[in-house]
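Structure record follows, encoded as structure tokens.
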Number of protein chains: 2
Amino acid sequence: MNKHKRVTSYDVAKVAGVSQSAVSRAFQTGRSVSDKTREKVLATANELGYKPNAIARMLITKRSGMVAVISSSRVNLVYPEVLSLLNERLSEKNERVLLFNLDDAAGLDDILEHIWTFQVDGVIALAAHFDHKSINKFKQHQIPVVLYNRRVAGHSASSVCCNHEQGIFELVDILHDFGHKDYLVLAGPEDSDVAQERCELAIKALTDKGINDVPVACGDFSYQSGRQAFSNYMASHSAPTAVVCSNDTMAIGVIDEARENCGLRVPEDLSVVGFDGVNAVFWHSYQLTTVKQPIEQMTKAAVDILVEQIAAPDNPAQLRVWSGALVQGKTVGPVRN
Amino acid sequence: MNKHKRVTSYDVAKVAGVSQSAVSRAFQTGRSVSDKTREKVLATANELGYKPNAIARMLITKRSGMVAVISSSRVNLVYPEVLSLLNERLSEKNERVLLFNLDDAAGLDDILEHIWTFQVDGVIALAAHFDHKSINKFKQHQIPVVLYNRRVAGHSASSVCCNHEQGIFELVDILHDFGHKDYLVLAGPEDSDVAQERCELAIKALTDKGINDVPVACGDFSYQSGRQAFSNYMASHSAPTAVVCSNDTMAIGVIDEARENCGLRVPEDLSVVGFDGVNAVFWHSYQLTTVKQPIEQMTKAAVDILVEQIAAPDNPAQLRVWSGALVQGKTVGPVRN
DNA sequence: TTGTACGCGTTATCAG
DNA sequence: CTGATAACGCGTACAA
């Protein structure tokens, strides 16, 4: 009953009365084996509890059946959902997820080496600290990479993105149409490309409307940082009428701080918009006006592209961009006179 | 520049003018190599861009440096936080996370086989569908398992748990002290052990207070299911004065439904308690009264126990239980007369 | 279709 | 301390 030694293909071969290679072939599709032997092999394999050893197979086929997913433990509520979806899609393609955490640029080289030694089939990168040097390393090692919501200059790697520009312009349009003139932009962490991009786009959108010198506060994507940043700003400035936040979680923090400590009603006194469309924004107490990223499509495409590039590494890199969906919540209203 | 062929230890050996085994030894600690050769080997290895191939090492050492984490895509907000912490702790122990999703019992055998073929060093199980049969399979394969918030009868596997009994009794105590007599218990998904346990404990705690025949509604841990369950219940019953929910997310759903569609104020007309202590319960609009699981301690212990059992597989299984921390929010108040 | 023999890249054993 | 040599468990030419 208790199997101390792993059952190998040799064991099966011996019992089934065939050669080891016959066993190997029986477990592969599209190989020349007679139905009779395959049947016999599979039967005794089942009987002995034999499963081909993935590690040995990796060594010879040079495919590990694993995809590295590099993520940050950043407090962005979208990532868990994204990770879960990626895992599902990759499973369908018969690839497992090998998880890597990247919180500071310092750990990057370390992670890269690990990924390389583990011989992963491909990489999906959600993490903040990721530059063209990293991309080049993967290219040198011939490992396909798909960037998620990250475009690296020269886009020598494939990427799937949400169109932040369209989304943020749409949000600013709404605010502008409601007559807002006094804005605050709440940026995310400095080391995050997404955060920087969203912040810059917000400023650009406002400039396009003729609104210049917009003040910028800085948070780290977390709820608390949203509260803190707004609180700090209010301590030394007069209240804006609209806040454009780089993500939903901070937006909710701003709303709570405004309501609780600043005596501001939302949306009567203050309009707030976020970005991402995480589940919590649909909760009744907030009903944030935001842009929802199409994470189902994005994750599916990320996996499809990656699998395609694993199969044909010389295929050109591609970029796919989706528009976000505007979510008309209840945190935006006309400016009061 | 472009390395089409992987650099092996033989390549390094040839260039460094030593044997292949010398190269191998140079990369291991506590092996007999002279400083001089090690230095030379490491230098040329670095020059050639050589890193030992983890796959080949796995094949011979029978240790993969990977731990399987089995999770559900259940809408329980705690899991992302837990997963992230597990990943960090495991990295510190030089183990990678190989991710598996388990949503229905059907996929269990499939996943078990995958885990087995990948020769993981150990398993941490967060998933709902997990019985003693699965545990036995791992035992047969000599793979250490640590259950997270799951106790399987006979506890032949180690587990780390939050003391649900203490937590729920404490919550019920508070409600009882406030004079509540009309309760509703909101259960989680039927196939989740945690959900069932919390539900039964709530009933038991209430029975101890002399409150019998408590009505039970059923959700699936999600916000929407919380709203729906409460809405359904209200359609055919008079309003309870207190709702005990099996997790925080559903509790927030109940609060929103009560406020928005039932004309009930929380906590004036209705008291609501949850369980888990996810970040969102601290948001100002909710401030849910709940019990916070000590996930830092729990994840650390899970990893420590697992690593210990990997090193010494014959060590006895152990169970560690933590009390949850009561979070006094603002969703519980005295019953109105 | 089947079996033989070799190789994947490393660690482990054992003389020297 | 060092170098040859044997595993590890499988896929795959090649010959039969």
Side-chain angles (χ1 to χ4, degrees), chain A residues 3-42 44-45 48-65 113-114 116-121 141-142, chain B residues 3-42 45 48-66 113-114 116-121 141-142:
Chain A
K3 319 214 158 68
H4 274 119
K5 277 195 60 172
R6 184 177 271 274
V7 184
T8 75
S9 52
Y10 277 100
D11 301 330
V12 178
K14 187 170 293 177
V15 174
V18 296
S19 74
Q20 178 268 333
S21 41
V23 177
S24 174
R25 281 190 283 255
F27 274 89
Q28 300 174 61
T29 56
R31 285 219 154 247
S32 56
V33 200
S34 74
D35 290 352
K36 211 173 93 186
T37 34
R38 161 166 286 147
E39 204 172 315
K40 196 193 326 177
V41 167
L42 294 183
T44 66
L48 270 59
Y50 166 78
K51 294 291 160 196
N53 182 325
I55 308 291
R57 174 186 295 154
M58 291 178 202
L59 191 57
I60 184 144
T61 62
K62 286 154 188 266
R63 284 205 43 184
S64 62
E113 280 182 12
H114 271 294
W116 165 239
T117 63
F118 272 88
Q119 222 174 265
V120 300
D121 298 337
H141 291 312
Q142 311 258 69
Chain B
K3 320 214 156 67
H4 275 121
K5 278 194 58 172
R6 183 177 270 273
V7 184
T8 75
S9 52
Y10 278 98
D11 302 330
V12 177
K14 187 170 289 176
V15 174
V18 295
S19 74
Q20 180 270 336
S21 17
V23 177
S24 174
R25 279 190 285 255
F27 274 89
Q28 301 173 59
T29 58
R31 285 215 153 250
S32 56
V33 200
S34 73
D35 290 353
K36 211 174 94 185
T37 34
R38 159 166 285 147
E39 205 172 316
K40 195 196 323 181
V41 167
L42 292 182
L48 270 59
Y50 166 79
K51 294 290 162 198
N53 182 324
I55 308 291
R57 175 187 295 152
M58 291 178 203
L59 191 57
I60 182 113
T61 62
K62 289 159 184 253
R63 285 207 39 184
S64 62
M66 302 189 293
E113 280 181 12
H114 270 295
W116 165 239
T117 63
F118 273 89
Q119 221 174 268
V120 299
D121 297 337
H141 291 310
Q142 310 259 67

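Below, each value reflects all heavy atoms present in this structure, side chains not excepted, and no hydrogens, waters or symmetry copies.
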Side chain of [X] (C-beta onward), nearest among [options]:
X	options	value
B:T8	D:dG3, C:dT10, D:dG9	C:dT10
A:R57	D:dC10, C:dA12, C:dG9	D:dC10
B:Q28	C:dG3, D:dA4, C:dT11	C:dT11
A:S19	C:dG3, D:dT2, C:dT1	C:dG3
A:S32	C:dT4, D:dG9, C:dT1	C:dT1
A:A22	C:dG3, D:dG9, D:dT2	C:dG3

Quickly work out the [X] [atom1] to [N] [atom2] distance and round it to whole Å.
X	N	atom1	atom2	answer
A:F118	C:dT10	CZ	P	14 Å
B:F27	C:dT11	CZ	P	9 Å
B:K14	C:dG9	NZ	C1'	15 Å
A:Q20	D:dA13	CD	C1'	14 Å
B:R63	C:dT11	CZ	P	14 Å
A:W116	C:dG9	CH2	C1'	12 Å
A:R38	C:dG3	CZ	C1'	17 Å
B:K40	D:dC1	NZ	C1'	13 Å

- [ ] Could you label the plane-to-plane angle of the B:F27 and B:Y50 rings as parallel, tilted or perpendicular, counting under 30° as parallel and over 60° as perpendicular?
- [x]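 Ring orientation, 0 to 90° scale: perpendicular.
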Task: Check: A:M58 and A:F118 side chains under 4.5 Å, non-hydrogen atoms - done: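 They are not in side-chain contact.
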Task: Check: B:Q119 main-chain N/O paired with B:S64 side-chain donor or acceptor under 3.5 Å - done: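 Judged by distance alone, yes, a pair lies under 3.5 Å.
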By the 4.0 Å heavy-atom rule, please label [X] as base, sugar-phosphate, or nothing.
X	result
A:K36	nothing
B:Y50	sugar-phosphate
B:S24	base
A:V23	nothing

Rounded at 0.5 Å granularity, tell me how far [atom1] in [X] sits from [atom2] in [Y].
X	Y	atom1	atom2	result
B:Q20	B:T8	CD	OG1	8.0 Å
A:R25	A:S19	CZ	OG	6.0 Å
B:K40	B:T37	NZ	OG1	7.0 Å

Task: A:R31 (side chain) and D:dG11 (base): donor-acceptor pair under 3.5 Å - done: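 Checked by distance alone, the answer is no.
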Open item on the list: Heavy-atom nearest nucleotide on DNA chain D for A:S9 versus B:T37: which residue maps closer to 5'?
Closed with: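 That would be B:T37.
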Task: Most 5' of B:L59 and B:S21 on DNA chain D, judged by nearest nucleotide - done: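 Closer to the 5' end of DNA chain D: B:S21.
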Task: Which residue lies more 5' along DNA chain C, comparing A:A56 with B:I60 via nearest heavy atoms - done: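 Residue closer to the 5' terminus by nearest nucleotide: A:A56.
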Task: A:Y10 side chain near D:dA7 phosphate (N/O to OP1/OP2, under 4.0 Å) - done: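 No, A:Y10 has no side-chain N/O under 4.0 Å of OP1/OP2 on D:dA7.
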